[in-house]
Structures are given as C-alpha cells and as structure tokens.
Amino acid sequence: MEIQHIVSGFSPKLSYAPSNPIGKQLISLKLPSLLSSSYPSLQSQNFAVPSGALYPISIAKKDGLCSSRIRVWCSSSSDTADPSNGHDGRRKKLAVFVSGGGSNFKSIHEASKRGSLRGDVVVLVTNKSDCGGAEYARQNGIPVIVFPKAKDGYDGLSANDLVDTLRRFEVDFVLLAGYLKLIPAELIRAYQRSIFNIHPSLLPAFGGKGFYGMKVHKAVIASGARFSGPTIHFVDEHYDTGRILAQRVVPVLTNDTPEELAARVLREEHQLYVEVVEALCEDRIVWRKDGVPLIQRKENPNETC
Ligand SMILES: Nc1nc2c(c(=O)[nH]1)N[C@@H](CN(C=O)c1ccc(C(=O)N[C@@H](CCC(=O)O)C(=O)O)cc1)CN2
Ligand SMILES: NCC(=O)N[C@@H]1O[C@H](COP(=O)([O-])[O-])[C@@H](O)[C@H]1O
C-alpha cells in the first residue's frame, strides 16, 4: 500500500509500495508515526478506494483544517514487515543509474546480497545498453532499461515513461552511480528527496557541467588542492547542486596521476555509497532545521554525521 501524501511542503518518507496494485478494496491505512504524530486526525483509518486513486482527506492542524489528498495503492498483504527495515518494515526497492563500468553499482548489489543492506536493486537504468554496469545487471538477472533514448537508436524511454516504469517497479530510491546524463525534472518531481548521486570530488568544488570521470581528477590535481574525496548528494534539477549528504576525504599526493587519484577516491566511494544506502533503507536520514540532511548513526540515533 503506497500513500503519496500531498500536503504542500510535507512529503513524509512514504511507507508502502504496491507489489501488485489491485482493484478497489477495503484497506486499513497504517500511517508512519511521523505522519500520524504530525496529523493526529490521520490515525489508522479504513478506505474503500480503487488502487491508485487520490483520496480526499481533511487534516486537523493547529492552525485549523487543511484539505489534502492521499494517493493510495493497494497491495497484497504478503509484504512482511520487519522493523529493522526502517519505519515501514519493508525492504526498500532501488533503481541504479549507470553509464560505465558500474563498480559502485556492484558494491551496492553485493551489500544487498550479503544482507548488510536492507534493500534490493530491482532495475538498472543506463544510457549505454552495452556498458559494463548493464552487462553486470543482465548477468545477475536485474532488468535493464535505457534512458534517455539514444539519438539513432529505437530503444529507450521518454521521461514520463521512465517515471511510470520506476513506479511499476515500486522503486523507493534512485541511485545515480556514474550516470552521465541530466536527470529530467519529471523524475525529480516524482521522487522528491529520493534521488541521490555520487560525485568524485568534494562538492561544491569541481562539480557541474563538464565535471565527470577523469576530468574531475585532472582538474583537482591541476588546482593544487591537497585533498579530494567523494560526495553523495541529493539530486536536483542541475548538475551537482543538490544538498550534500555525505563526504569522505583522501589526500592528493604531489606526484599523483589522475588515474592514481581516481583509484584512491573510488575505493572510498564504494564504502561511502553502501553506508549511505544502508542508512536510506533504515530510514536514518534526518533534516537539520536549516535544511541540511544528516545521517543518524546506526549504533546511536542521537548521534548524526
Ligand atoms: N538533474 C541532475 N542530473 C544529474 C546529476 C545531478 O546532480 N542533477 N548528476 C549527474 C552526475 N554528474 C556528476 O556527479 C555529472 C554527469 C555528467 C555531467 C556532464 O557534464 N555531462 C555531459 C555529457 C557527458 C556524456 O554524455 O558523455 C553534458 O551534460 O554535457 C556533469 C555531471 C548525473 N545527472
Ligand atoms: N560526475 C559524475 C561522475 O564523475 N561520477 C563518477 O563516475 C565514476 C563511475 O564509476 P563506476 O561506474 O565504476 O561506479 C565514479 O567515480 C563516480 O564518482
């Protein structure tokens, strides 16, 4: 059951995702505590709505009533809830976007297989269907879809088709990992605060259009910077300008080649991305009052980083 709560400025980490959206049925709405504590009138209720329908509700807030709508997806009750999978108890569904070798994608997939990561890569998206990441996905039974359409190719999805396809895969989070195309506004709108990217420099330095792959490391070395490292950030409409969520630092040695620096940064990327996605799947992302996202430590939720 997926609840898209449409109240301006409030998009709680949603709970459920439709496994097989089924027709109209009576469902009981169990809301995440985050939502029910913010909107006490939205305690568990029964809805009889067709799957995917927008359901009008009124919410009693301190400053009076406000109307809203909830889009409710129905799903079979087979989703077994496990509290260690975060608030909703469900393993998260991940889409990974790649354009090249996919070593970050492989790290995430391996963490999922060994169980340290409470999520599953359910689809791979690429603009290059013959890249190493796509080949790895096919070898591991992960569906591969092409976006955007290749200029001369026939396959490939439009932006709206991509959103629909990710919804059908019930994707919770979108993870860019060496993807070299601009994510369209349609996807940004559909997956608010749910799209992440890893960049091989300490943003905001050495980011933006033209800064990808070895170009980044060449620019870092040429600048004389003494440190570099990976950044994981939320994705917004522009390249590399979204809120920074996590970083790691590596030294830039005086005789480094771009390849040597790239390898040092990439080793940290593999660990950092797995740590961040583990936190995502366990609902350990919190927001500081000034809008900076933080990660709650697994061992002690009162500590953030
Ligand atoms: N809407 C967003 N889309 C993407 C983001 C983002 O932050 N917001 N991050 C990039 C990843 N990235 C850096 O981390 C990045 C990738 C590519 C480029 C770039 O300049 N691309 C070239 C085309 C390269 C090619 O096709 O081979 C270009 O646009 O001219 C900059 C930064 C992924 N998408
Ligand atoms: N600006 C985007 C960018 O440069 N991303 C970088 O591409 C590489 C992909 O490696 P991978 O395909 O082996 O994960 C990674 O180093 C990633 O940070």
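Every number for a ligand or one of its atoms is a count from 1 in the order of the listing. Counting from 1, the numbers follow the sequence of the chain as shown.
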Looking only at non-hydrogen atoms, which of [options] approaches [atom] most closely?
atom: atom 3 (N) of ligand 1; options: Ile183, Ile198, Leu176, Leu180; answer: Ile183
atom: atom 12 (O) of ligand 2; options: Gly102, Gly210, Gly132; answer: Gly102
atom: atom 31 (C) of ligand 1; options: Gly207, Ala185, Gly100, Gly208; answer: Gly208
atom: atom 13 (O) of ligand 2; options: Ser103, Gly100, Ser99, Gly133; answer: Ser103
atom: atom 5 (N) of ligand 2; options: Val216, Ile198, Leu272; answer: Ile198
atom: atom 8 (N) of ligand 1; options: Lys128, His233, Lys215, His238; answer: His238

Does some non-hydrogen atom of Asp236 fall short of 4.0 Å from ligand 1?
yes

Are any of the heavy atoms in Gly242 under 4.0 Å away from ligand 1?
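It does not; every heavy atom stays at 4.0 Å or beyond.
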
Which protein heavy atom lies closest to [atom], and at what distance to 0.1 Å?
atom: atom 10 (C) of ligand 1; result: Tyr239 CD2, 3.7 Å
atom: atom 22 (C) of ligand 1; result: Tyr212 CE2, 3.9 Å
atom: atom 8 (C) of ligand 2; result: Gly178 CA, 4.3 Å
atom: atom 26 (O) of ligand 1; result: Lys181 NZ, 2.8 Å
atom: atom 6 (C) of ligand 2; result: Pro200 CD, 3.9 Å
atom: atom 18 (O) of ligand 2; result: Glu269 OE1, 2.9 Å

At less than 4.0 angstrom from any non-hydrogen atom of [X], what atoms of ligand 1 do you find?
X: Tyr179; answer: 10 (C), 11 (C), 16 (C), 33 (C)
X: Val235; answer: 1 (N), 2 (C), 6 (C), 8 (N)
X: His199; answer: 13 (C), 14 (O)
X: Gly210; answer: 19 (C), 20 (O)
X: Phe211; answer: 31 (C), 32 (C)
X: Lys209; answer: 20 (O), 28 (C), 29 (O), 30 (O)

Enumerated ligand 2 atoms positioned under 4.0 Å from heavy atoms of [X]:
X: Leu266; value: 16 (O)
X: Phe211; value: 1 (N)
X: Tyr212; value: 1 (N), 4 (O)
X: Gly101; value: 12 (O)
X: Gly213; value: 3 (C), 4 (O)

Quick check with a 6.0 Å cut-off and a 45 degree axis cone: is Arg193 positioned over the face of Trp287's six-membered ring?
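Yes - Arg193 lies over the ring of Trp287, closer than 6.0 Å to its centre and within 45° of its axis.
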
Looking only at distances, can you tell me whether any N or O atom of Ile188, backbone or side chain, sits closer than 3.5 Å to an N or O atom of ligand 1?
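Min N/O separation from ligand 1 is not below 3.5 Å for Ile188.
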
Within the structure, does Asp240 bring an N/O atom to less than 3.5 angstrom of an N/O atom in ligand 1?
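The answer is yes, given that Asp240 and ligand 1 share an N or O pair closer than 3.5 Å.
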
Take Cys281 and Leu94 through the test side chain to side chain contact (heavy atoms under 4.5 Å, CB included) and record every step on the way to the result.
CA-CA 9 Å; Cys281 294; Leu94 311 170; 4.2 Å; yes

In terms of ring plane angle, is the pair Phe196 and Phe173 parallel, tilted or perpendicular, where the classes change at 30° and 60°?
perpendicular

With rounding to the nearest 0.5 angstrom, report the NZ to CG distance, Lys128 to Leu180.
6.5 Å

How far apart are the C-alpha atoms of Tyr191 and Val171, what are their side-chain angles, what is the distance that settles it, and do they pass the side chain to side chain contact (heavy atoms under 4.5 Å, CB included) test?
CA-CA 9 Å; Tyr191 279 87; Val171 167; 3.7 Å; yes

Are there more than 12 heavy atoms of other residues, nucleotides or ligands under 6.0 Å from atom NZ of Lys215?
no

Does Arg138, at its CZ atom, have more than 12 non-hydrogen atoms belonging to other residues, nucleotides or ligands within less than 6.0 Å?
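Atom CZ in Arg138 is crowded, with more than 12 foreign heavy atoms closer than 6.0 Å.
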
Are Phe97 and Leu162 packed together at the side-chain level, in the sense that at least one heavy-atom pair is separated by less than 4.5 angstrom?
yes

Identify whether the distance between the nearest side-chain nitrogen and carboxylate oxygen of Arg284 and Glu282 falls below 4.0 Å.
yes

Taking 4.0 Å as the limit for heavy-atom contacts, which would you say applies to Asn197 with ligand 1: side chain only, backbone only, both, or neither?
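It is the side chain that gets close, since no backbone atom is under 4.0 Å.
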
Asp240 versus ligand 2: do any nitrogen or oxygen atoms come within less than 3.5 Å of each other?
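Not met; the criterion fails.
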
